[in-house]
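See below for the structure under consideration.
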Amino acid sequence: MPQPGRILISQAELQARTAELGADLARDLGHERPILVGVLQGAFLFMADLIRATAIELTTDFIGVASYAGGKSSGQVRIVSDLSVSIEGRHVVVVEDIVDTGLTLTYLKRSLEARHPRSLRVCVLVDKIERRTVDVPLDYVGFAIPNVFVVGYGFDYDGLYRNLPYVACVKRRPCYNQAA
C-alpha cells in the first residue's frame, strides 16, 4: 500500500488559498445567493473550508461521481449520488477537488448545464493541467501541481488518507521527478 510522501501543499498554504478563493467568490457572487455543489467524496473538506471563507448568503448541495478505482481512472464517468435540490435558474459553483484529464468535469458540467442553471462556474482546489486531454474552463483554481498522485485534504488512495491536513504525493510514484 502506498504511503504519503513529500508534502506538496501545506496546511497553512491550503488555509490561505482557500480564504482567497472564498473572498473571490464573495466578490463575484455576493448578491446572487449561489448554490455551491461539492463533488463527493474528494471535495468535501475543501468545500467545508471554502464555505466558511465565503462571507455571503449561499446554499450547498453535493453530487457524487465515480471515475476512479484503485487509484486509476476507469475511463467511465457516472453519477452515483445526485443533487437533492433543483438548480434551475440558480447561480451554481461546482466545487471540485482536482481536475486532471478534464473528462469527469466535462461530463459533470454537461449534466448540470442540462438542468438550466442561471450560471455555472467551477472552483477547483488542484489543477493538473499537464494531464488535460479535454479543454475545460476553470473559473477559480487553488493550486497547479505536476502530474503526481496526491493524497490528503480529501484526496485518497482507495479511501485512505483523506484526513491528512495537507496534500502530499504518494511514495509509490515520483514526486517532482524525485523518489519520495
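In what follows, every heavy atom counts, from backbone to side chain, and hydrogens, waters and symmetry copies are set aside.
- With rounding to the nearest 0.5 Å, the separation of OG in Ser119 from CG in Leu29 is 6.5 Å.
- The shortest distance between side-chain heavy atoms of Glu88 and Arg115 does not fall below 4.5 Å.
- Note that CG of Leu120 and CG of Leu108 are 8.0 Å apart. Values are rounded to the nearest 0.5 Å.
- With a 4.5 Å cut-off on side-chain heavy atoms, Phe44 and Val39 do not count as touching.
- Summarising the geometry of Phe46 relative to Cys123, their closest heavy-atom pair is CZ-SG, 3.9 Å, with the distance given to 0.1 Å.
- Side-chain atoms of Leu105 and Leu138, non-hydrogen and from C-beta on, do get closer than 4.5 Å to each other.
- Here the side chain of Asp61 pairs a donor or acceptor atom with the backbone of Ser84 at under 3.5 angstrom.
- With a 4.5 Å cut-off on side-chain heavy atoms, Leu160 and Val151 do not count as touching.
- Note on Ile129 and Phe155: separate hydrophobic clusters, where clusters join Ile, Leu, Val, Met, Phe, Trp and Tyr whose side-chain heavy atoms are under 4.5 Å apart, directly or indirectly.
- The side chain to side chain contact (heavy atoms under 4.5 Å, CB included) test applied to Ala23 returns no partner, not counting sequence neighbours.
- Of all heavy-atom pairs between Ala26 and Ala55, the closest is CB-N, 4.2 Å.
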Check your understanding: Please walk me through it: do Leu40 and Phe62 pass side chain to side chain contact (heavy atoms under 4.5 Å, CB included)?
Key -> CA-CA 7 Å; Leu40 294 173; Phe62 290 90; 3.4 Å; yes
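- Using a 4.5 Å heavy-atom cutoff, the side chains of Leu125 and Phe143 are in contact.
- With contacts defined as side-chain heavy-atom distances shorter than 4.5 Å, the pair Pro117/His91 does not qualify.
- With a 6.0 Å radius and a threshold of 12 heavy atoms from other residues, nucleotides or ligands, Arg132 has its CZ atom above the threshold.
- The heavy-atom pair separating Ala19 from Ala53 by the smallest distance is CA-CB, 3.9 Å.
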Review point. Going through the distances and angles, do Thr18 and Gln15 end up as a side chain to side chain donor-acceptor pair (under 3.5 Å)?
Key: CA-CA 5 Å; Thr18 300; Gln15 290 171 343; over 6 Å; no
Exercise for review: Dump the intermediate steps for side chain to side chain contact (heavy atoms under 4.5 Å, CB included) on Ile51 and Leu36, then the final yes or no.
Suggested key: CA-CA 8 Å; Ile51 64 173; Leu36 275 63; 3.7 Å; yes
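- Both Ile79 and Leu83 are assigned to one and the same hydrophobic cluster, defined by single-linkage of ILVMFWY side chains at heavy-atom distances under 4.5 Å.
- Scanning both residues, Val122 and Lys109, for their nearest heavy atoms gives CG2-CD, 3.9 Å.
- In this view, Thr59 and Ile35, Arg90 satisfy the side chain to side chain contact (heavy atoms under 4.5 Å, CB included) rule, not counting sequence neighbours.
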Review point. What do the steps show when you test Ile9 against Ile145 for side chain to side chain contact (heavy atoms under 4.5 Å, CB included), and what is the final call?
Key: CA-CA 9 Å; Ile9 308 169; Ile145 65 168; 4.2 Å; yes
Exercise for review: Decide salt bridge (charged side-chain N to carboxylate O under 4.0 Å, His left out) for Arg17 and Glu20; before the verdict, give the C-alpha distance in whole Å, the side-chain angles of both, and the deciding distance to 0.1 Å.
Suggested key: CA-CA 5 Å; Arg17 185 66 183 127; Glu20 292 170 358; 2.9 Å; yes
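- When side chains are defined from C-beta on, Ile7 does not count as touching Val167, because their heavy atoms never get closer than 4.5 Å.
- Going from atom CE of Met47 over to atom CG of Leu45 covers 12.0 Å, rounded to the nearest 0.5 Å.
- For the side chain to side chain contact (heavy atoms under 4.5 Å, CB included) test, residues two or more places apart in sequence or in another chain that qualify with Glu57 are Arg33.
- When all heavy atoms are compared, the tightest approach of Tyr166 to Gln11 is CB-N, 4.1 Å.
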Practice item. Show your reasoning for whether side chain to side chain donor-acceptor pair (under 3.5 Å) applies to Asp49 and Tyr153. Key: CA-CA 11 Å; Asp49 289 342; Tyr153 198 64; 2.6 Å; yes
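- Within the 4.5 Å cutoff, no side-chain heavy atoms of Thr54 are placed close to those of Leu21.
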Practice item. Show your working on side chain to side chain contact (heavy atoms under 4.5 Å, CB included) between Lys128 and Ile98 and close with a plain yes or no. Key: CA-CA 7 Å; Lys128 277 195 208 178; Ile98 191 165; 3.6 Å; yes
